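These numbers were taken from a predicted model, which means no experiment stands behind them. If you read the sequence from its start, that first residue is 1, and numbering goes on from there.
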Amino acid sequence: MNGLHLIADMYRCTCTADLLCDQSKLEKLCVDACMNAGLTPLGTYFHQFMDENGNKAGVTGNVVLAESHLAIHTWPENNGVTLDVYVCNYSRDNSDRARQTFQEVTSALAPEEMARHEVIRGEINAARAAAI
């Protein structure tokens, strides 16, 4: 279960509006970022939301990786995005690959402000100590 989980809340993204609203463009960005970093996409599920007038609205999506997953959710009405990149480090350390994927996606979205967290997963002794 050893791995790295990168989590971000992005505010006021300055990318083109279609990147936050278009399922196919966002999916391509996410899959390409994973592949460029040397991760192994196994499949995707992205959903296109529509507003009350039938126009493209936000997108939610997941890239399932052999190493774990990338999850992304957009709120184009306020240029917000949440992003999770989680990789397991069972047979090799994928931490740098996770960071590269994360950086490529966040750079493309270009947030003016971002809350970012790194969580080391699977270290039971550290988790027990933190819980006490």
Are [X] and [Y] close enough that some pair of their side-chain heavy atoms sits under 4.5 Å apart?
X	Y	result
Leu20	Cys15	yes
Phe46	Val59	yes
Leu6	Arg99	yes
Met114	Tyr11	no

If only side-chain N and O atoms count, and only distance matters, is there a donor-acceptor pair under 3.5 Å linking Thr60 with His73?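 Yes - a donor-acceptor pair under 3.5 Å links their side chains.
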Point-to-point distance, once rounded to the nearest 0.5 Å, from CE of Met35 to NZ of Lys28: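 Met35 CE to Lys28 NZ: 9.0 Å, rounded to 0.5 Å.
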Spatial distance of atom CG (Asn94) from atom CG (Leu39) [nearest 0.5 Å]: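 Between Asn94 CG and Leu39 CG, I get 6.0 Å after rounding to 0.5 Å.
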Side-chain donor or acceptor of [X] paired with backbone N/O of [Y] under 3.5 Å:
X	Y	result
Asp93	Asn89	no
Gln48	Cys21	yes
Thr101	Ala37	no

Asn62 and Ala71: which non-hydrogen atoms are nearest, and at how many Å?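 It is OD1-CB, 3.2 Å.
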Pairs of donor and acceptor atoms involving the side chains of residues 49-56, under 3.5 Å and at least two apart or interchain, shall be tabulated with distances.
residue, atom, partner, partner atom, Å
Asp51, OD1, Asn53, N, 2.9
Asp51, OD1, Gly54, N, 3.1
Asp51, OD1, Asn55, N, 2.9
Lys56, NZ, Asp22, OD2, 2.5

Please name all residues satisfying salt bridge (charged side-chain N to carboxylate O under 4.0 Å, His left out) with Asp18, sequence neighbours left out, ordered by chain then number.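 Partners of Asp18 under the salt bridge (charged side-chain N to carboxylate O under 4.0 Å, His left out) test: Lys25.
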For Asn2 and Arg121: C-alpha separation, side-chain torsions, deciding distance, then whether side-chain contact (heavy atoms from CB on, under 4.5 Å) applies. CA-CA 5 Å; Asn2 184 26; Arg121 306 284 301 265; over 6 Å; no
For Ile7, what are the other residues in its hydrophobic cluster, where any two members join if their side-chain heavy atoms are less than 4.5 angstrom apart?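 Joined to Ile7, directly or through intermediates: Val119.
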Can you check side-chain contact (heavy atoms from CB on, under 4.5 Å) on Gln23 and Leu26, steps first, answer last? CA-CA 5 Å; Gln23 171 189 339; Leu26 188 64; over 6 Å; no
Side-chain donor-acceptor contacts of residues 75-84 below 3.5 Å, not counting sequence neighbours, with atom names and distances?
residue, atom, partner, partner atom, Å
Asn78, OD1, Gly80, N, 3.2
Asp84, OD2, His5, NE2, 3.2

So Cys30 and Ile72, side-chain contact (heavy atoms from CB on, under 4.5 Å) or not? Walk me through it. CA-CA 9 Å; Cys30 293; Ile72 192 164; 3.9 Å; yes
Donor-acceptor pairs under 3.5 Å, side chain of residues 63-70 to any protein atom, not counting sequence neighbours: which ones?
residue, atom, partner, partner atom, Å
Glu67, OE1, Thr40, N, 2.9
Glu67, OE2, Thr40, N, 3.3
Glu67, OE2, Thr40, OG1, 3.0
Glu67, OE2, Arg92, NH2, 3.4

Can you list every salt bridge (charged side-chain N to carboxylate O under 4.0 Å, His left out) pair that touches residues 101-114, not counting sequence neighbours?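 Qualifying pairs: Arg12-Glu112, Arg12-Glu113.
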